Amino acid sequence: MVDIHTVDRDGSAKAALSPLVDKFGRAITYLRVSVTDRCDFRCVYCMAENMTFLPKRDLLSLEELDRLCSAFIARGVKKLRLTGGEPLVRRDIMLLFRSLSRHLASGALDELTLTTNGSQLSRFAEELAACGVKRINISLDTLDAEKFREVTRWGDLAKVIEGIDAAQAAGLQVKINAVALKGVNEDEIPTLIEWAHGCGMDLSLIEVMPLGDIGPERVDQYLPLSLVRARLAQRYHLEDIDYRTGGPARYVRVSETGGRLGFITPLTHNFCEGCNRVRVTCTGTLFMCLGQEDSADLRTPLRASEADGLLQAAIDEAISRKPKGHDFVIDRHTRQPALARHMSMTGG
Ligand code: SAM
Ligand code: SF4
């Protein structure tokens, strides 16, 4: 192993481990951790109305999640995103943010962030900022309260707007993520752009991905962003820009608003060649690709020993299996979801 890193579990300078590089030469520097599969919403593209959640005993404790994240940070992960389910509904989640923030202080981690539906943000925004969180992603697909209720089944738009205001007041930089949904928000996209940019927030549009059986048919939800972009180009001047956040979005500047608009296009433009990330679930299962079934159990080696040797060996073995890319397809002939698991399990 090549010595590059000198961060230990407690954040102090100690062991030196090699960076994670897969067999295609991609360095793994970005970890997303789904800290819970539960959520206070039931978005129609993400979950079925009646979901069965994991028994609490199967979940990694907050201490175990910390240890797992720290093991990846020791291998060169520089960006850590907590997601879910809804990360802010996990009990005592702020303890995890607070303890992980030591890696920001030591310089081992460049960014600690989260993706949230915003429903709990008015309570937590200040504490997140105090933990060193600088930028957050908030998911919001519509500004119409009734439509919001239909899309999320259980959500209250006013509460989310309150959360966005609280995040901005706490000094957090907010990016809005909106899933482009055929016949639902497709006419509202210019409104979302002008609202987000008017409030100083970037907006990213996401193509719906075929993850999990959700009831309604995917093909009825799927709106290709190539089409959305062509429509927007008739109304706005979209200038390609190099701005990157370490994620898969490709950005343009909307000349009329001056703001940034991202396109996350797993279906119309595959971005796997530049993939730098892996995902861990709240049970310690590592998914090397969001779009493939292959996974590795990290909970067993984590629990088998107090030292990290077995865990690091399992991470190495898993990274050597990271596939070249996904093969998502949504069309009228492919009616099954590409993968049985829901997005809320692996985290967006
Ligand atoms: N609950 C948090 C939230 O909604 O932001 C974090 C988890 S959620 C699974 C993360 C992101 O995945 C959200 O932006 C959501 O819109 C997106 N998402 C969920 N299911 C999706 C799907 N099938 N296709 C594309 N995006 C999806
Ligand atoms: Fe919950 Fe996020 Fe999935 Fe919506 S997208 S159901 S808020 S996990």
Side-chain angles (χ1 to χ4, degrees), residues 32-51 53-54 81-90 93 113-121 124 135-142 148-157 159-160 163-164 167 174-182 184-185 192 196 202-225 228 247-249 262-268 271 277 279-282 287 290-291 326 328-330 336-348:
R32 295 190 181 203
V33 182
S34 175
V35 296
T36 175
D37 63 331
R38 288 164 199 253
C39 187
D40 51 347
F41 292 1
R42 291 287 180 280
C43 301
V44 292
Y45 47 80
C46 178
M47 293 193 183
E49 190 153 16
N50 297 310
M51 291 286 288
F53 294 110
L54 294 163
R81 177 179 299 279
L82 303 193
T83 175
E86 173 47 41
L88 297 181
V89 302
R90 171 120 191 208
I93 190 65
T113 184
L114 79 157
T115 303
T116 172
N117 65 24
S119 68
Q120 312 294 316
L121 258 182
F124 293 125
R135 305 183 308 154
I136 62 174
N137 289 355
I138 303 179
S139 306
L140 179 72
D141 306 321
T142 173
F148 186 81
R149 172 75 68 180
E150 280 166 29
V151 172
T152 60
R153 293 196 182 100
W154 296 358
D156 176 0
L157 178 65
K159 199 81 197 98
V160 174
I164 294 173
V174 176
K175 183 177 78 132
I176 301 293
N177 280 342
V179 177
L181 295 164
K182 186 154 78 182
V184 178
N185 61 2
L192 281 166
D202 291 348
L203 173 74
S204 282
L205 301 172
I206 308 177
E207 277 174 349
V208 78
M209 288 173 259
L211 298 179
D213 193 358
I214 43 141
E217 298 216 27
R218 285 283 172 207
V219 72
D220 296 328
Q221 298 179 336
Y222 175 54
L223 177 63
L225 286 184
V228 173
F263 294 91
I264 302 178
T265 54
L267 288 113
T268 52
F271 41 63
R277 73 209 75 115
R279 294 171 160 84
V280 181
T281 71
C282 53
F287 284 95
L290 178 65
H326 66 69
F328 287 143
V329 186
I330 298 183
Q336 291 302 315
L339 298 170
R341 65 178 195 272
H342 291 87
M343 188 75 155
S344 51
M345 186 176 155
T346 13

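Given the structure is predicted, the values throughout are model-derived calculations rather than measurements. We count ligands from 1, going down the list as the structure has it; atoms in each ligand are counted the same way.
The nearest non-hydrogen atom to atom 7 (C) of ligand 1, considering only Gly118, Gly85, Cys43, Ala180, comes from Gly85. Residue nearest to atom 4 (O) of ligand 1, selected from Ser139, Ser34, Pro87: Ser139 (by heavy-atom distance).
At distances below 3.5 Å, at least one donor-acceptor pair connects side-chain atoms of Asn185 with backbone N or O atoms of Asp141.
Annotation for ligand 1: atoms under 4.0 Å from non-hydrogen atoms of Gly84 are 7 (C), 9 (C). Residue Cys43 approaches ligand 2 through these ligand atoms, each under 4.0 Å from one of its heavy atoms: 4 (Fe), 5 (S), 6 (S), 7 (S). Of all atoms in ligand 1, numbered sequentially from 1 with element shown, those under 4.0 Å from a heavy atom of Val208 are 24 (N), 25 (C). Residue Val179 approaches ligand 1 through these ligand atoms, each under 4.0 Å from one of its heavy atoms: 16 (O), 26 (N). Contact atoms of ligand 2 toward Phe41: 6 (S), 7 (S) (distance under 4.0 Å to a heavy atom of the residue). Under a 4.0 Å criterion applied to the non-hydrogen atoms of Thr116, ligand 1 contributes the atoms 2 (C), 3 (C), 5 (O). Within ligand 1, the atoms closer than 4.0 Å to a non-hydrogen atom of Thr83 are 6 (C), 7 (C), numbered from 1 in the order shown. Counting atoms of ligand 1 from 1 in the listed order, those under 4.0 Å from a heavy atom of Cys46 are 19 (C), 20 (N).
For the residue pair Glu86 / Ser119, no side-chain donor-acceptor distance below 3.5 Å is found, with atom types taken as modelled. When only modelled atom types and interatomic distance are considered, Arg279 and Ser34 share no side-chain donor-acceptor pair under 3.5 Å.
Under the 4.0 angstrom criterion for non-hydrogen atoms, Met47 is not in contact with ligand 1. Using a 4.0 angstrom heavy-atom cutoff, Ser139 does not count as in contact with ligand 2.
Between Thr115 and ligand 1, a contact under 3.5 Å exists for no N or O pair. In terms of polar-atom proximity, defined here as any N/O pair under 3.5 Å, Asp141 makes no such contact with ligand 1.
Applying the ring-ring contact (aromatic ring centres under 6.0 Å, His included) test to Phe148 and every residue at least two apart in sequence or in another chain returns Phe41. Remark: Arg135 pairs with Glu111 by the salt bridge (Lys or Arg N to Asp or Glu O under 4.0 Å) rule, at least two apart or across chains.
Atom 3 (Fe) of ligand 2 has an N, O or S atom of Cys46 under 2.8 Å away, backbone or side chain.
Nearest heavy atoms, Cys39 versus Asn117: SG-ND2, 3.7 Å. Of all non-hydrogen atoms in Arg153 and Cys43, the two that sit nearest each other are NH1-O, 4.0 Å. Minimum interatomic distance between Val44 and Glu150 (heavy atoms only, all atoms of both residues): CG1-O, 3.6 Å. Contact record, Arg90 with Val35: NH1-O, 2.9 Å, taken as the closest heavy-atom pair. When every heavy atom of Ile264 is checked against every heavy atom of Ala249, the shortest pair comes out as CG1-CB, 3.7 Å.
Contacts with ligand 1 closer than 4.0 Å are made by no heavy atom of Asn137, backbone or side chain.
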